**Q** 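Here it is, the structure, as structure tokens.
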Amino acid sequence: MPYAASERFIIHIDMDAFFASVEQRDNPSLKNKPVIVGSDPKQGKGRGVVAACSYEARKYGIHSAMPISQAYKKCPGAVFLPVDMDRYLKVSEKIFNIINDFSPKVQVVSVDEAFIDISGSWHLFGTPEDAARRLKERIKTETLLNASVGLAPNKFLAKLASEHKKPDGFFVVRPEEIKCFLETLSIDKIYGIGGKTAELFKSIGIHNVKDLAGLSADKLVEKFGKSGLRFYNLARGVDNSEVEAAGIVKSVSNEYTFEKDISKNETAEAVLLKLSDKVAGRLRKKSLAGRNVSVKIRLENFKTYTRTKQPGGKVNTVEEIYSAARSLFRDFRRSHKSKKIRLLGVKVDNFKDKKEQLKLFAEENSQEHKKNIRLDNAVDKIRNKYGDGLIYRAGTEIRDE
Amino acid sequence: MKFTANTAQFSELLTGVLPAVSTRSTLPSLSHFLVEAKSGNVSIYATDLEIGIESSIETNVEKEGAATLPARRLTDIVGVIETEDFALAQTTESQCEIKSTDNKTKFKVMAGEREEFPVIPELKEDISVEIDVERLKEGIEKTIFSVSRDESRYVLCGIFLESDGENLNMISTDGRRLSMFKTKLEGNSKKFKAIVPTKATSILDRALAGDEGKVKINICDKENQIYFSFGSTVIYSRLIEGDYPNYNQVIPEKSTRTVTVETEAIYKATRQMTAVTTKSSLAVKYKFAKNKAVVSVNAPEIGSGTSSIDVEYGGDEIEISFNPEYVINMLKVIKSQKMNIDMTTAINPGKFTPASEDESYTGVIMPMRP
């Protein structure tokens with residue numbers, strides 16, 4: 001056997017232009033056309049962002065997370081489609097079912113991206129390379145979608161490998177090839193080296209990973225503190241981070257960008273109620289409840305604030321989440337009265353069970369609370385049967401200002 | 001108005017009424033005492049509209065009358081007079097003069113608007129009972145520490161008094177622990193229920209210090225008010241409106257495991273363990289096995305600790321975790337040398353009672369999730 005038992009084999013898989021590819025797959029007339037999935041561009045006046053775009057659209061310089069208005073300017077003739085998350089999630093589920101056949105150690109990064117540790121399971125498929133290739137092929141035959149796959153001894157290199165030949169890529173970094181593979185890469189490929197840090201490196205003559213590898217650990221630590229040590233290791237292809245087992249949801253959140261920046265608190269609170277409703281519904285679907293409720297507020301000047309509180313115990317009803325979110329929002333507004341609001345978000349996290357003080361009265365569980373739970377359960381049932389649009393809370397209607 | 005009084009006695013009188021003076025009120029008159037002199041008697045009255053205290057002394061009144069005077073200033077002034085007696089006289093409509101009897105020290109103080117001072121609620125009564133001062137003090141001491149401080153649960157922010165007419169139950173709970181004290185009333189009355197705000201009970205507790213004899217309790221349901229009268233003092237308070245939760249249902253009646261232990265021993269062991277508890281590793285674990293208990297803490301970020309004590313116990317082994325502060329607070333009020341702890345499982349409430357029949361107290365603590 002050519003591989004030592006201690007060797008790690010990590011796959012990084014990333015679907016190519018996932019949302020756009022699903023759209024093109026399901027509607028052949030979209031093939032070979034620039035397809036942009038995201039919010040409504042409204043003739044260039046739309047305010048959301050690009051969620052995904054086909055490779056044809058990328059030729060126009062469009063990329064995901066770009067403001068939709070900018071994408072529209074770059075390619076007004078593109079096919080703009082709304083995000084049909086339910087459909088993508090179904091496809092994603094299929095993909096993850098395939099992935100789970102290769103290893104139980106899967107770290108879900110997003111609906112279309114994952115790390116898979118096949119160190120203990122590759123021998124079922126021949127070689128580690130056979131396993132990775134088989135994964136890519138099964139996804140292609142069973143979903144008709146292209147995935148880019150990278151195989152390497154650790155997560156950092158696996159991700160670089162899958163990016164290396166994207167789209168429809170397949171690339172393996174073997175231990176003896178690490179140095180050669182890294183040398184040519186530009187410095188911003190290292191985790192944690194983005195805009196400003198990259199500038200800083202360039203100013204001291206460090207342009208690519210090879211240059212970085214020339215710096216001593218001491219020097220890096222002196223300049224960048226703890227991160228310096230990480231840079232030192234990554235520049236040598238060393239990354240001991242584990243593939244974190246699958247399916248652990250750490251938070252549930254939802255946000256909303258206003259068509260036009262708003263200034264009235266009533267409008268904001270209506271949206272907070274709507275977001276709380278969505279978050280609560282999703283928490284209950286996953287049988288989760290969290291200790292922390294956060295609101296995210298982005299003002300017209302793009303400054304973004306996050307405020308968090310613990311309402312006491314674990315929450316997953318609309319009433320609990322909304323009342324925490326509203327009080328956070330009102331506190332925030334007291335000190336930021338005049339600015340208009342661009343975006344609002346609600347998040348619930350901190351799901352861990354801890355040694356917590358139990359309550360004497362089941363009431364806390366007061367009548368009111370029990371009623372809220374019953375109400376939410378009833379709403380869940382209706383939504384499961386007839387879809388999300390049929391029933392919604394009064395007070396979530398957003399009026400024009 | 002004009003009177004003379006013993007400086008020390010009068011000073012004590014003012015200090016006793018001061019707790020009812022509002023500290024942050026928008027109504028200036030609430031920072032004043034109402035001083036009233038009437039036929040050989042001077043009374044001081046203060047209120048923050050929730051609570052009022054009226055207290056008086058017998059003294060030599062030369063001229064009857066009343067004035068509202070700044071409470072803290074008056075207390076300070078009387079406090080610095082060095083002669084045994086002093087004199088207070090209203091010199092004009094809006095001014096009083098206070099002077100030592102040797103005429104060496106003199107103060108002039110602006111009086112407030114008499115009309116703006118709130119009207120003293122008239123004592124109306126639906127219920128009138130008497131209780132021994134010692135019993136009332138014991139009841140307050142044994143319940144006041146477990147009232148809720150969470151104002152959003154206002155019905156729990158006071159001591160609940162419940163009586164069938166002969167017996168009085170005093171209860172407090174913050175939703176995690178509960179204290180109950182039972183005593184007998186003197187004489188009979190109608191049934192009653194009242195939630196007395198924490199502030200009123202702590203003022204009452206202080207005022208009762210050193211007092212003996214009986215306290216008369218009057219409750220006026222219609223006005224939602226309670227009056228405690230003793231000696232020459234009346235404390236009245238608004239009652240908390242609302243329904244107190246059904247406390248009986250959370251006091252375990254039967255238990256499968258009863259441990260008897262020296263109160264002091266388990267108190268000490270719990271105190272010792274708090275040396276290593278932290279905010280995130282707060283729980284103290286109690287493991288009861290045959291005639292032995294191990295009290296322990298495991299705080300990953302600090303370390304751990306154990307303390308073993310002898311107990312009287314023959315049941316199945318049980319491990320249960322409590323917030324040590326709750327345990328300590330309870331053990332402090334149990335005076336009997338031995339006490340019982342009743343438990344069923346690690347997630348059901350534990351009941352703490354004195355082993356002696358002579359002492360009344362029932363404490364209930366909800367455990368921490370193991």
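Below, read A as the first sequence line, B as the second, and so on, with proteins coming before strands; counting in each chain starts at 1. Note: hydrogens, waters and symmetry copies are ignored here, and every other heavy atom, side chains too, is used. Bear in mind the structure is a predicted one, so any value in this text is a computation, not a measurement.
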**Q** Does a sphere of radius 6.0 Å around NZ in B/Lys338 hold more than 12 heavy atoms from other residues, nucleotides or ligands, not counting ones at 6.0 Å or beyond?
**A**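 For B/Lys338, atom NZ is not crowded (no more than 12 foreign heavy atoms under 6.0 Å).
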**Q** Under 4.5 Å from any heavy atom of chain A, what part of B/Leu178 do you find: side chain, backbone, both or neither?
**A**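 Both parts, heavy atoms under 4.5 Å.
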**Q** What heavy-atom pair brings B/Asn246 and A/Phe361 nearest, and what distance separates the two atoms?
**A**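 Taking every non-hydrogen atom into account, O-CE2, 3.9 Å.
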**Q** How far does CG of A/Leu360 sit from OG1 of B/Thr173, to the nearest 0.5 angstrom?
**A**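 Going from CG on A/Leu360 over to OG1 on B/Thr173, the span is 5.0 Å.
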**Q** More than 12 heavy atoms of other residues, nucleotides or ligands under 6.0 Å from NZ of A/Lys285: yes or no?
**A**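 Result for NZ/A/Lys285: open.
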**Q** Taking atom OH of A/Tyr305 as the centre, does the number of heavy atoms from other residues, nucleotides or ligands within less than 6.0 Å exceed 12?
**A**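 For A/Tyr305, atom OH is crowded (more than 12 foreign heavy atoms under 6.0 Å).
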**Q** Are there more than 12 heavy atoms of other residues, nucleotides or ligands under 6.0 Å from atom NZ of B/Lys137?
**A**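 Yes, because the 6.0 Å sphere around NZ of B/Lys137 holds more than 12 heavy atoms from other groups.
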**Q** What I'd like to find out is whether the side chain of B/Met366 reaches to under 4.5 Å of the side chain of A/Gln357, using heavy atoms alone.
**A**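 In contact.
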**Q** Examine whether an atom of B/Tyr326 lies under 4.5 Å from a heavy atom of chain A, and if so say whether it belongs to the side chain, the backbone or both; otherwise answer neither.
**A**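 Side chain only.
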**Q** Using a cut-off of 6.0 Å, state whether more than 12 heavy atoms not belonging to A/Ile382 lie near its atom CD1.
**A**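 Result for CD1/A/Ile382: enclosed.
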**Q** So which part of B/Pro349 gets closer than 4.5 Å to some heavy atom of chain A, the side chain, the backbone, both or neither?
**A**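 Side chain only.
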